[in-house]
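Here is the structure we will look at, set down as structure tokens.
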Amino acid sequence: MTTLDKSFEPASCEARLYAGWEASGAFAAQPDRDAEPYTIMIPPPNVTGSLHVGHALTMTLQDILVRFRRMQGRDVLWQPGTDHAGIATQMVVERLLDKEGVSRKELGRETFLSRVWQWKAESGGNITRQLRRLGASPDWARERFTMDEGLSVAVREVFVRLFEEGLIYQDKRLVNWDTALQTAISDLEVESRDVKGHMWYIRYPVEGDEEIIVATTRPETMLADTAVAVHPENETYKHLIGKIVTLPLTGRKIPVVADEYADPEKGTGAVKITPAHDFNDFEVGKRHGLEMPSMLDKQGRITLAELGEMPDFVRSLDGLDRFAARKLIVAELEAQELLVEVKPHPHMVPYGDRSGTVIEPFLTTQWYCNAHVLAQPAIKAVEEGRINFVPKQWENTFFAWMRDIQPWCISRQLWWGHRIPAWYDEAGKVYVARDEAAAQAQAGDGVALTQDEDVLDTWFSSALWPFSTLGWPEQTDELKTYYPTDTLVTGFDIIFFWVARMMMMGLHFMGDVPFRTIYIHGLVRDEKGQKMSKSKGNVLDPLTLIDEYGADALRYSVAAAAGQGRDVKLGAKIVETNRGFITKIWNAARFLEMNGVKPNPDFKPENAKLPLCRWVLARANEAINAATAGLDAYRPNDYAGACYRFAWGDVCDWFIELAKPGFASEDAAEIRDTAAYVLGVLLRLMHPLIPYVTEALWDHFGYGAACSLISAPWPTPVVVQDEAQALEATNWLIALISEIRSIRSEMNVPPSLKSPVLLQDASPQTLARAEQNFEAISRLARASEIGPLDGPVPKNAAQAVLGEATIILPLEGLIDLEAEKKRLAAALAKAESELKKVQAKLGNADFTSRAPEAILEEHREREQSFGNEVTRLSAALSRLA
RNA sequence: GGGCACAUAGCUCAGCGGUAGAGCACCACCUUGACAUGGUGGGGGUCACAGGUUCAAUCCCUGUUGUGCCCA
């Protein structure tokens, strides 16, 4: 065994260890093995994406879970893959084409798609390559892409079946139309932004020489107004209901209708109705049987096609952009003295989350999925606890959305994606089938068919991910073994986009939930808690952090900060600090190695005799329990904390320090064996969290074959002889050393000066412990000797109380008498105040009669121990007077 | 406007009926045989505010204020 380097160099070993794990087959699921499966489906990242800190968080948490379960002996499938991101990918490739000076349309559909596949082959693997840098351990051999042939079969199968069941249908209604991308998008892809807009008040003349003033934020849509609505109870306008308005600019005759949608409190209480350009107006239009002409085309330009005969002014607007048209229309209204006033009016305007342009409500025929029907079993599954959200409060968000779910518009006017398996004959009749031949069979020989031009929403295929990746609609062994999956790990931002839809599709087609637990984690923010964004310039690149500090430091940082329901604040400083922990472990191992520690397969922890060894084994038991409980409860911060406290607090600060003299004593063998055993526990315990450094040390010490820690068994608590007594003995020793250090530090006694430690009124057991541990006490508490106080208390000694005994440090001449008096007085005051509090409670009859016996007992003990402390501190203080 | 979180040491957070904690930062001391990427010690909190329940409230309940997120 070569000695360990002075420090851990992540860059020099991460790639090697990762390759070793992969080559060992540790990542691979083994459906043939007779082991309980544990499955996580990776939320497929966007194929155009590159690894950002959000991925680093979610993938680290998933990797921790799968490595943990793998070590517990489960047959782990962590299913990797990417989704085809219809809009995003098409945009990326179109931008490339732009540079070549060709457009998608010039290229044609087939050629364009081949260019997308070419792009995917060259650049689509970015994010999965980057995931490896993080140490993620999915089953790469099973990697899937939502546009793979198998997954595409699943998409067509689902579409056809839902169509046959009437759960997919075509409908003409308003959609959110992106005029830049020229496609429909779903409600979820629209973000409302606060905009400082205006409210225009426009005079509409009513028959009989009256007028009605309407208020609108979108004056240009008046070209397609087909009514004016007022509230039926609105006294101001009641008499106008049923009268005819001459719509300005167009001359169209439109009715005044009574509808409760017209809020008397808003604007003037009269509202223009444009059914083809507003979701609320559309409903009003349906209620009153109004015509629904459009006045905008797919690009958001004025079109006269559906408006009929129009005067010259309106004709002059043909083809003009909607915002330019607005200006001209307002100017014209003003010129005609029809504009009453303009008021600033902050309101919400819908924007496309991909294109960033204003979304138009647009009347078109699209394919819809009846989400309402599919949602019911999903709601029930959560209500009945067959699916659990962690943290639980996300259920509320889920229920609120699911109970009011709208029809899901699933068609997109794009080329990149799953083309809708629907064909039309010349009369426009639709045939939905698994392939063209089947459609032809339905239509009959010789009927000319053309396939629907549109593709499906990317989330439609993502919704099938938990079973399409396992081979569905084939009834594969994988499907039987791994469905339902165990845990879904994701951020709350895609509960509706993806999580809910997987539940709907999984329950409908598999008859069972797609996963049992949904672990929702927070968002990664910068050190100040600000959302990361390119415009703010506060984006952290996880790959840079890995290069600089190592993957382990990054993983530890995000996991330790991932409290339940909490956002993760991350900065380079934090990762740098946490790298110190990785280094600490490395150095502790290095020290043990220098002292001849190596794994001894014959060592039986239950035979350990030394109190220190039994103590550290007992602490290891506690750490194992705490770490395992943290992981079981999806509390990565608790898990990381348990590892940190055990590694740094117990092993480094105390076990190694107290063991130092032992390496040269007759107890050396047991100490070395215990140290090796405990290091082995520590490495296994921390492996899911910080896989690289632990594997490097595991291999170096020879706990197993190279790259075998990933497959090593998860540690379990061991039997420790007389565990309680072992804990007590070493805890006393630690307390003694801490007390002495505290006195010396506060009295400014230089460490170079050793002092005797005298114990007044110490029990024989205490004295024995003190003598047995003299070397350690000498090293750690700078004691020149330790023993019972023999004779009177030396003058002007420093003193402290520990249990039944008083610790006396004869430091005459070295201590500042006043400072020591002050210190003792403070300690006494503290003890007295605690004693008073306890006594007050015990003196309260209500307390003693109602509090449980265990609490009473605890209080009595505290009364005694504080009482003892008060007595001893008073005595100590009086000796200084 | 509706809903959900959150408010504990300078900062980040844990605790959640019975003795208020950690890490970082800060101050002081220490190059003691792995680690200065270190060690030791220390200061620092009426647990947002006001009521209520209870023998007992940071913890449970109600309200107020402030912050964040989601939906309209």
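Since we're looking at a predicted model, the values are computed, not measured.
- Aromatic pair A:W586/A:F8: ring centres closer than 6.0 Å.
- Here A:E576 lies out of heavy-atom contact (under 4.0 Å) with every strand.
- The side chain of A:W648 contributes an N or O atom lying less than 4.0 Å from OP1 or OP2 of B:rG39.
- Taking the side chain as every heavy atom from C-beta outward, A:E283 and A:Y261 never approach each other to under 4.5 Å.
- OP1 or OP2 of B:rG39 sits under 4.0 Å from a side-chain N or O of A:K584.
- Distance check on atom C1': B:rA5 versus B:rG42 gives 37 Å, rounded to whole Å.
- Under 3.5 Å, the side chain of A:K573 and the base of B:rA25 form no donor-acceptor pair of N or O atoms.
- Screening A:W401, A:F492, A:W459 for a ring-ring contact (aromatic ring centres under 6.0 Å, His included) with A:F497, the sole residue that qualifies is A:W459.
- Out of B:rC4, B:rA20, B:rA34, the shortest distance to the side chain of A:E834 is found at B:rA20.
- Only the C1' atoms considered, B:rA36 is 13 Å distant from B:rU40, to the nearest whole Å.
- For B:rC6 and B:rC13, the C1' atoms lie 12 Å apart once the distance is rounded to whole Å.
- For the strand RNA chain B, secondary-structure stems (runs of at least three Watson-Crick or G-U pairs, all distances below 3.5 Å) span B:1-7 with B:65-71, B:10-13 with B:21-24, B:26-30 with B:38-42, B:48-52 with B:60-64.
- As rounded to whole Å, 14 Å separates atom P of B:rG33 from atom CZ of A:R590.
- Across all strands shown, A:R779 has heavy atoms under 4.0 Å from base atoms, whether or not it also approaches the sugar-phosphate.
- In this structure, of B:rA34, B:rA5, B:rC24, it is B:rC24 that holds the atom nearest to the side chain of A:T577.
- Annotation: B:rA22 and B:rU8 have their C1' atoms spaced 12 Å apart (nearest Å).
- Using modelled atom types, one finds no donor on one side chain facing an acceptor on the other under 3.5 Å when comparing A:H345 with A:T217.
- As judged by a 4.0 angstrom heavy-atom cut-off over every strand, A:A588 is placed among the base-contacting residues.
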Which atoms of nucleotides 40-43 of chain B (N or O only) lie under 3.5 Å from a protein N or O atom, and what are those distances?
{"unit_1": "B:rG41", "atom_1": "O2'", "unit_2": "A:S745", "atom_2": "OG", "d": "3.0"}
{"unit_1": "B:rG42", "atom_1": "OP1", "unit_2": "A:S742", "atom_2": "OG", "d": "3.3"}

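- For A:D846, the listed nucleotide lying nearest its side chain is B:rC55; candidates were B:rG33, B:rC55, B:rA34.
- Within 4.0 Å (heavy atoms only), A:F581 reaches no atom of the nucleic acid at all.
- Summarising the geometry, the separation between CD on A:Q406 and C1' on B:rC71 is reported as 13 Å, rounded to the nearest angstrom.
- When the C1' atom is compared between B:rC4 and B:rU46, the two are found 30 Å apart, to the nearest whole Å.
- Straight-line distance between the P atoms of B:rG18 and B:rC60: roughly 11 Å, to the nearest whole Å.
- With respect to the salt-bridge test (charged N to carboxylate O, under 4.0 angstrom), the residues A:R860 and A:E853 qualify.
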Listing time: all N or O pairs from protein to nucleotides 15-18 of chain B that are below 3.5 Å?
{"unit_1": "B:rG15", "atom_1": "OP1", "unit_2": "A:R635", "atom_2": "NH2", "d": "2.6"}

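- The closest side-chain heavy-atom distance from A:E834 to A:R862 is below 4.5 Å.
- In this structure, A:F655 places its CZ atom 17 Å from C1' of B:rC35, rounding to the nearest Å.
- Distance, A:M348 CE to B:rC71 P: 9 Å, rounded to whole Å.
- Put simply, NZ on A:K6 is 10 Å from P on B:rU37, counting in whole angstrom units.
- Between A:H372 and A:Q406, the side chains place no donor N or O within less than 3.5 Å of an acceptor N or O (distance only, hydrogens not considered).
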Would A:R744 and A:S755 count as a side-chain contact (heavy atoms from CB on, under 4.5 Å) if you check the C-alpha gap in whole Å, the side-chain angles of each, and the deciding distance to 0.1 Å? CA-CA 10 Å; A:R744 294 178 56 107; A:S755 135; 3.8 Å; yes
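- To the nearest whole angstrom, the two C1' atoms, one in B:rC26 and one in B:rG63, are 39 Å apart.
- A salt bridge links A:R823 and A:E820; the closest N-O separation between the charged side-chain nitrogens and carboxylate oxygens is under 4.0 Å.
- Within a 6.0 Å sphere centred on NZ of A:K754, other residues, nucleotides and ligands contribute more than 12 heavy atoms.
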